[in-house]
Amino acid sequence: MHLLLVDGSGYIFRAFHALPQLSRKSDGLPVGCVQGFCNMLWKLMEDLKGEDEPTHMAVIFDHSAKTFRDDIYDQYKAQRPPAPEELVPQFPLVRHATRAFNIACIEQEGWEADDIIATYACQAKSAGGKVTIVSSDKDLMQLVEPDGSIRMLDTIPRPGQPPLRWIGADEVFAKFGVTPDKVIEVQALCGDSVDNVPGVPGIGVKTAADLINQYGTIENLLDHVDDIKQNARREKLRENAELARISKQLVTLAQDVPVELELSALQRQPVEPGKLFPFLKAMEFATITKRLAGLIGADPDAWEPDPALAAQPASPVGFDNAARAEARAARQQAQGRDALPVVVHAREQHEKVRAIPWNPDTYEVLEDARSLQRWIEVIYRSGIVATDTETTGLDNQTADLVGISFSVGPGTGAYLPLGHHAGDGDIFGGGGKAEGQMDLGEALDLLRPVFADRSILKIFHNSKYDLGLLRRYGVEVNSIDDTLLLSYSLDGPQFNTMAELADHWLGVPGQSIKELLGTGKSQKTFAEVDIASAARYACEDADMTFRLWRILKPRLAAENMTTLYETIERPLAPVLARMEGRGISVDRQILARLSGDFAQRAAAFEAEAHELAGRKFNLGSPKQLGEILFDEMKLEGGTRTKTGAWSTGADVLEDLAQKGVPLARAVVEWRQLTKLMGTYTDALPTYINAHTGRVHTTYSQHSVLTGRLSSNDPNLQNIPVRTEDGRKIRTAFVAAPGKTLISADYSQIELRVLAHIADIQALKDAFEEGLDIHAMTASEMFGVPVEGMPSEVRRRAKAINFGIIYGISAFGLANQLGIERSVAGDYIKTYFERFPGIKDYMDNQRRRVKQDGYVMTIFGRKINFPNANSSHAAERSFVERASINAPIQGSAADIIRRAMIRMEPELEREGIEADMLLQVHDELIFEVPEGTEEAAMPVIKRVMEGAAEPAVRLTVPIQVDAHAAKDWDGAH
DNA sequence: GCAAGGACGTA
DNA sequence: GTACGTCCTTGCA
């Protein structure tokens, strides 16, 4: 008999750390260890032939309950960190794999795998058999027999070493300096920090081996402890005699486990293709499948992937995405199928994290270099740290760093105060630096390597803010996760703030910064908060961030959002941080001149309006204007807003002006001019940063339902362009001296995306041939040749094309074109007849949103519509239109996000110096050295045009137009 | 001091 | 008809 015992649990942990590349299957589930495990199994079957061929075989796992060792020593394995996130879902899968290979899969409550292995090995040896233990765990080395009847085999792949490495008595001696039967004595003396076996302090492996070789056993050693010459060693042994005895009990493997399966039941069974291939296919292990099919001479195509394990493309019905995954898991269980391990894992994580208590008393304040260094060591050991910067303001371009908090796990926290002011918060008192704070420069020097280290994962909430801030302090950050972007990838802009996330996921009230800082006149900055309160607030933030990460990260795999997050959202944040940091140059003089001009002209219109109205009134008040027009002047055709006030929108006034009401014209003109002043010529200069002399917008990556960015403080995505006066504002956006601006914009990106998604051949052909798409549409619809087409005809077709993208309705189109609703309805009907695919697309989205509660972009971004089945008809119609628009707008947004992520490395690769400054939905603005425009533009175009590839192969050409000039108006 | 509503700038 | 952010007035605290 030859018994092969595989240490399954040991394999998983060691393989995880030995195999850096983590393969994932298509739903994002990490399966690297499962893959390694399967590879090992079939290689063992292949390599152990002839005299080494096992007749009996089993894979042994730890059971996750307590063992007898916990009763002996309550600290046993207490230092073990929780299993890595990526590893947890793989535990059940490795057991699945074992059964798929038709091998006995053994675990037993109350016993470690090692004890079960020892028991079977002992039984087999007594029966005169040979035993091979597949493991590299030194704890098992005590079982090795010098006569070769029990050997170990190390199969963990290691570079530069043979795939199978036998461990016999010689190898054990090399490791412990004693024969295998003395291994437990040595282990008991020197202890094991990993398992938290205490041992005798001050005694390492070498000393232990010397002592055991001299005295044979621990008991004999302790009996003769007086003979030991070295004073310190003798005393240590005396003092810790009991610890040594306990340690020996801990390291000694039980050989009498009441195993449930007899040895004979472990007899090897032939591989059954019906068990094997459904598993391998569900894991998407194509290579292993092929190899094994060849080895056992079976056709894998005869089997389908195991549905309980296979990746699933979409989530089920519902509103909340997590609830959807839950519902799917429940249904699968009701059908007698196991829930997907990733789903189970995500749910368990959530429950586990919610159960962890809060204890702010354990948070630490790092007052000096020593305590910071100690925490840095903690961070290195953990490999993962949630971190948060506290500053004096919401704008990371101007705010000062006040402190940094860290958490290495739920319930842990440390705060490093750096810029707190002395005094009681009174701006006249103190003003100096508060006591108990490290020097900022010294602290950052210590932290720089931590932030830069790629092997340490830094978890932020809104990483863009911290990245931009830290960059100003010369701190580079690598390897990040971002709970805000995790939440956005999973649930959209539903939850934005830490407080909302904490409330929803952790069931605790999120902290309010307002309580700490106050509001209004008496508001202080974070620098004025006392360090103790600041520490509590900051640590709680980092702690919450860590907890949220533990809950949200596993949901990525469970809900198929890993790719979106890892290839789009996470990499984009640092790109945006850099764009915000660069800012753009704005010419004060130009704006000042414009402002003066606009003010004069506005004043004239205001005087004229007062004259025409017969009295003075506030032109800025729609209420007063409405009363004058419709109550006092009794003009016809006034409509009311939903709150009952008179409508005085531009379209209404334009209408009145057409009908000969000069007051309406004057107000329209006044509004335009004052709008330009208030929002642009007067407001923009206040945003010029005193240090950089440039305007730095803040992008929001997580606010828009469809996946677009938004821009605020100031909004640089709504700088005027449509009117002549408006365009003048763009001339104030200028290149720095010696530089040139380049504007590159996607041409008709949304219509092209529509043509692709809805698969409209006529549209695709038109784009392929580079036709005027609106003229082509008009020609198709109205039968008018493109040559010599009246501009009004083209204008209508253009409005219809836009209408389609917006989820057209006869009402809206009629409004837009100023035509009868019935005529608009006829246009739409004609359009659908000409392009029947569009109708199908729209019906599909409507159906999907009602059924699933969401629609998707071509890159897998989900857009949620909780009200899809609202009882309110208007709301339902709104959702229908939005669900038609969202995949179009969102796919275009995904494309430009991908372009932005790739742009900087591509430019660098091509040796082109170009700074990406702004994004305006379908346009990117760059600043390049004068004279390099011609070199930069083709590269920029190429990256933008190819941005969908290779993830999505678009069936329409994408076209980007680029222009260079000294100012934005000229470049556009 | 703040929230809501109306109006209007962009894609 | 889609998606945003900002300014101003109004009304209430």
Side-chain angles (χ1 to χ4, degrees), chain A residues 493 514 518-523 617-626 640-653 667-668 670-680 682-684 687 697-700 703-723 725-727 729-730 745-751 754 799-817 821 824 827-828 842 845 855 863 865 874 877-890 892-893 896 918-923 972:
Chain A
K514 279 183 184 162
T519 63
K521 240 183 6 200
S522 59
Q523 186 171 355
F617 70 102
N618 185 349
L619 270 78
S621 165
K623 186 165 170 280
Q624 293 178 27
L625 177 64
R640 290 182 186 270
T641 67
K642 61 185 176 217
T643 58
W646 290 113
S647 266
T648 66
D651 48 345
V652 175
L653 298 184
V667 173
V668 167
W670 179 89
R671 275 189 184 165
Q672 208 214 111
L673 291 164
T674 53
K675 171 85 178 180
L676 294 179
M677 286 194 291
T679 311
Y680 306 104
D682 295 349
L684 279 174
Y687 285 100
T697 185
T698 302
Y699 288 102
S700 176
S703 297
V704 182
L705 194 66
T706 55
R708 276 189 177 182
L709 298 177
S710 72
S711 156
N712 58 65
D713 299 305
N715 183 353
L716 295 186
Q717 288 180 324
N718 71 344
I719 302 304
V721 69
R722 287 175 194 177
T723 64
D725 279 330
R727 270 196 302 280
I729 289 164
R730 289 202 169 208
D745 71 298
Y746 284 104
S747 155
Q748 309 281 12
I749 180 80
E750 295 194 345
L751 272 179
L754 171 67
I800 294 167
N801 277 333
F802 275 98
I804 295 296
I805 290 171
Y806 296 154
I808 204 157
S809 76
F811 181 85
L813 184 62
N815 245 348
Q816 174 70 29
L817 287 175
R821 183 124 42 115
Y827 283 179
I828 294 169
M842 292 185 162
Q845 298 307 312
V855 290
I863 297 127
F865 291 99
S877 308
F878 175 78
V879 167
E880 287 182 11
R881 291 192 299 273
S883 71
I884 289 163
N885 171 259
I888 304 169
Q889 187 183 116
I896 196 167
L918 302 179
Q919 189 249 41
V920 192
H921 307 309
D922 64 357
E923 174 186 14
H972 187 72

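Numbers restart at 1 for each chain; the letters A, B, ... are given by sequence-line order, proteins then strands. None of the values given here were measured: they were computed from a predicted structure.
Looking at heavy-atom distances under 4.0 Å, Ile805(A) makes no contact with the nucleic acid at all. Using a 4.0 Å heavy-atom cutoff across all strands shown, Ile719(A) reaches sugar-phosphate atoms only and no base atom. Within 4.0 Å (heavy atoms only), Ala814(A) reaches no atom of the nucleic acid at all. If you check every strand for non-hydrogen atoms under 4.0 Å, Ser877(A) touches nothing. Residue Gly678(A) is classed as a sugar-phosphate contact, given heavy-atom separations below 4.0 Å to backbone atoms only. Across all strands, Gln816(A) comes closer than 4.0 Å to base atoms (heavy-atom distances).
Dashed line: the shortest gap from a side-chain N or O of Thr641(A) to OP1 or OP2 of dG6(B) is under 4.0 Å. For dG5(C), the OP1/OP2 oxygens have a side-chain nitrogen or oxygen of Ser710(A) closer than 4.0 Å. Phosphate contact (OP1/OP2 of dT10(B), side-chain N/O of Arg722(A), threshold under 4.0 Å): present.
Under the 3.5 Å distance criterion, with hydrogens and angles disregarded, no donor-acceptor pair is assigned to the side chains of Gln845(A) and Glu880(A).
Here the OG atom belonging to Ser711(A) is positioned 8.5 Å from the CG atom belonging to Asp713(A), to the nearest 0.5 angstrom. Between Gln672(A) atom CD and Thr723(A) atom OG1 the span is 4.0 Å, to the nearest 0.5 Å. Rounded to the nearest 0.5 Å, atoms OH (Tyr806(A)) and CD (Gln889(A)) are 8.0 Å apart. Here the straight-line distance linking atom CD of Gln624(A) with atom OG1 of Thr648(A) works out to 11.0 Å at 0.5 Å rounding. With rounding to the nearest 0.5 Å, the separation of CG in Leu676(A) from CD1 in Ile729(A) is 4.5 Å.
One cannot find a donor-acceptor pair under 3.5 Å joining the base of dG5(C) and the side-chain atoms of Asn715(A). Checked by distance alone, Gln889(A) brings a side-chain donor or acceptor within 3.5 Å of a matching partner on the base of dT2(C).
When distances are taken from the side chain of Asn885(A) to each of dG1(C), dA7(B), dA3(C), the shortest belongs to dA3(C). Residue Leu813(A) places its side chain closer to dG1(C) than to any other of dA3(C), dG1(C), dA11(B). The side chain of Leu705(A) has dA3(C) as its nearest neighbour among dA3(C), dG1(C), dT10(B). Residue Thr679(A) places its side chain closer to dT6(C) than to any other of dT6(C), dA3(C), dG1(C).
The OH-C1' distance, from Tyr680(A) to dC7(C), rounds to 10 Å in whole Å. If you take CZ of Phe802(A) and P of dA11(B), they are 10 Å apart, rounded to a whole angstrom. We find that CG of Asn712(A) is positioned 19 Å from P of dA3(C), with the value rounded to whole Å. In this entry the distance linking NZ of Lys514(A) with P of dG1(B) reads 13 Å, nearest Å. In this structure, Met677(A) places its CE atom 9 Å from P of dC8(C), rounding to the nearest Å. Separating the CG atom of Asn718(A) from the P atom of dT2(C) is a distance of 19 Å, rounded to the nearest angstrom. One atom, CD of Gln919(A), and another, P of dA3(C), lie 18 Å apart when rounded to the nearest Å. In this structure, Arg708(A) atom CZ and dC4(C) atom P are separated by 9 Å, rounded to whole Å.
Judged purely by atom type and a 3.5 angstrom limit, Thr706(A) has no side-chain atom pairing as donor or acceptor with the backbone of Ala886(A). Side chain of Tyr827(A) to main chain of Leu813(A): no donor-acceptor pair is present (N/O by atom type, distance under 3.5 Å, no hydrogens or angles).
Near DNA chain C, meaning a heavy atom under 4.0 Å from it, residues 643-651 of chain A has no residue at all.
Looking at every heavy atom in both residues, Gly807(A) comes nearest to Ile884(A) through CA-CG2, 3.9 Å.
Leu625(A) has its side chain out of reach of Trp646(A): every pair of non-hydrogen atoms, C-beta onward, lies at least 4.5 Å apart.
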Pick out the pairs of N or O atoms, protein on one side and nucleotides 9-12 of chain C on the other, that lie under 3.5 Å.
{"unit_1": "dT9(C)", "atom_1": "OP1", "unit_2": "Asn618(A)", "atom_2": "ND2", "d": "3.3"}
{"unit_1": "dT9(C)", "atom_1": "O3'", "unit_2": "Ser621(A)", "atom_2": "OG", "d": "3.4"}
{"unit_1": "dT10(C)", "atom_1": "OP1", "unit_2": "Ser621(A)", "atom_2": "OG", "d": "2.7"}
{"unit_1": "dT10(C)", "atom_1": "OP1", "unit_2": "Gln624(A)", "atom_2": "NE2", "d": "3.1"}

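For Arg640(A), the CZ atom is densely surrounded, since the number of other residues' heavy atoms within 6.0 Å is greater than 12.
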